[in-house]
Amino acid sequence: MADWVKKAEDQEVSKLVNQLNIDGILPEKSGSNSDGNEPDVADPAETSLLIKILGKGLVNTKLSLDIQQKNPNSPLHSVKTFEALHLKPELLKGIYAMGFNTPSKIQETALPTLLADPPQNMIAQSQSGTGKTAAFVLAMLSRVNVNLNYPQVLCLSPTYELAIQTGEVAARMGQFCPEIKLRFAVRGEEVDRNKKITEHILIGTPGKMLDWGLKFRLFKMDKVSVFVLDEADVMIATQGHHDQCIRIHKMLSPECQMLFFSATYDKEVMDFARLIVSEPTIIRLMREEESLDNIKQYYVKCKNEDGKYNAIQNVYGCISIGQAIIFCHTRRTAAWLAAKMTSDGHSVAVLSGDLTVEQRLAVLDRFRSGLEKVLITTNVLSRGIDIEQVTIVVNFDLPVDVRGNADCETYLHRIGRTGRFGKSGIAINLIDGEKSMSVCSAIEKHFKKEIKILNTDSADDIEKIGS
Ligand SMILES: Nc1ncnc2c1ncn2[C@@H]1O[C@H](COP(=O)(O)OP(=O)(O)OP(=O)(O)O)[C@@H](O)[C@H]1O
């Protein structure tokens, strides 16, 4: 940690951040895509929020943990029960009141380290729904000394809504510890600038936290004993946020326990995290890999967009037996297709970047409950939002990168299935022109899996997909 402070002083880290080339990791914020004719992209913080709200309880995984430790003096052990953690009885009561009986996979290993004395730093990665938030909130609550009336725990989230979500978990878990005080440091929250902050835990966004800690000096950053960076990937990769995080981090004491949590870490972000968190225990629970096994893949040659539309018309009866998602490249295409299908009497849902998070939730809820059979979307419906019952994916436009080359990773996320959700499915790729044919061939080559031609004017062929 001391190293980091020195590097920050020397502004060496700022230089390193610039070299990390993390600006390109985050796509443009969806709201800025105003004419709808640009590729539609997901905002990672909004996606995280959606996944969180849509999540239906704990995701159980059989995958094993990858653990790396820098400090050989801190042997790692895991627990199978919450009792084994020797928590305050009120906290244990809070955990049980939330319906948690045993620790999740990541909690088994992370919690002993999170609660260890002397405190240890941690960088943890595991997919959404595996119990990360519950783990670090428990650590936050158990580290509070209620006899000291100043902020001892800071938790940073990328957005207002995500901060509120975390605060709600803390409030529920700490429901039998009324003496632990929590405050949100988010937009709209005002403080009396003549008084110091007395709450023990601050959960908020980096800008507000900086205002309170640095600009108005309403609490002492160097007295903070636990610093949590939630959604670390989004935080570090967002230009404004990572600068603010660095400034906050720089004010913390070398003894402060640093905890970074995220569902994903790009390589550059992980390198950066390792640079600023000294001697971390790194715990990674890998995501189940998607695969194209048992997915029947087809391509349909079409003349133009109208031809693609006709192809969809021809297969509609087949795709709407189950549930289908149709992916378009831009919002404009998605809106055009939805309007056309609706006017032809089909009931379709549309999800694109111009919708608010609340609207997206409503669309996804309806679709997941089967009210619509077909969902037309763009890349805003990205990885992590799993809809189990979808069996057919239509690429109205094949996924391409900024240079127009095949984006195989996105193709896999759209079409691939994980073991968890069973493996059968159908992918139909609509091709108009040589460019998209070459993208299709590149995808075929990449995955070494045949994509068969389908003639949607032939009843025999249509029957083939259904069988
Ligand atoms: N040990 C547990 N037993 C039962 N349920 C749990 C346990 N830990 C967490 N949960 C529940 O599982 C769900 C996911 O947990 P949590 O939000 O902590 O996961 P997460 O990894 O932080 O997900 P995200 O990245 O989406 O925030 C929540 O509904 C939470 O209440």
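Fair warning: this is a prediction, and the values are worked out from it, not measured in the lab. In each ligand, atom 1 is the first atom listed, and ligand 1 is the first ligand listed.
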Test log, rule salt bridge (charged side-chain N to carboxylate O under 4.0 Å, His left out), inputs Lys267 and Asp271 = CA-CA 6 Å; Lys267 185 183 172 307; Asp271 291 347; 2.7 Å; yes
**Asked** Got a salt bridge between Arg332 and Asp354, using NZ or NE/NH1/NH2 to carboxylate O under 4.0 Å?
**Response** no
* Val226 vs Pro119 side-chain heavy atoms within contact, under 4.5 Å -> no
Contact region, Thr102 to ligand 1, non-hydrogen atoms below 4.0 Å, reads backbone
Ligand 1 to Ser104, heavy atom cutoff 4.0 Å, flagged ligand atoms 1 (N)
For Gln127, the ligand 1 atoms with a heavy-atom partner under 4.0 Å come out as 21 (O)
Counting heavy atoms under 4.0 Å, the part of Gln107 that contacts ligand 1 is side chain
Ligand 1 atoms nearer than 4.0 angstrom to some heavy atom of Ser128 are 23 (O), 24 (P), 25 (O), 26 (O)
| said: Can you confirm whether Ile326 sits close enough to Val348 that some side-chain heavy atom of one is under 4.5 Å from a side-chain heavy atom of the other? | reply: no
Check: Are Asp397 and Phe327 side-chain neighbours, meaning at least one heavy-atom pair lies under 4.5 Å?
Finding: no
inquiry  = Strictly below 4.0 Å, N to O, side chains only: are Glu190 and Arg183 in salt-bridge contact?
reply    = no
Gly129 touching ligand 1 at heavy-atom level, < 4.0 angstrom = yes
Numbered in order shown, the ligand 1 atoms found under 4.0 Å of a heavy atom of Phe82 are 1 (N)
Within the 4.0 Å heavy-atom cut-off, what Ala134 brings close to ligand 1 is both
Per-atom filter on ligand 1: closer than 4.0 angstrom to a heavy atom of Thr133 are 17 (O), 18 (O), 20 (P), 22 (O), 27 (O)
_For ligand 1 and Leu58, I'd like to know whether there is a polar contact (N/O to N/O, distance under 3.5 Å)._
yes
TODO: Give yes if a backbone or side-chain nitrogen or oxygen of Gly131 is under 3.5 Å from a nitrogen or oxygen of ligand 1, and no if not.
DONE: yes
- prompt: Angle class for the Phe261/Phe136 ring planes (parallel below 30°, perpendicular above 60°, tilted otherwise)?
  reply: tilted
Original post:
Do Lys93 and Phe176 meet the cation-pi criteria used here (NZ or CZ under 6.0 Å from the six-membered ring centre, within 45° of the axis)?
Top reply: yes
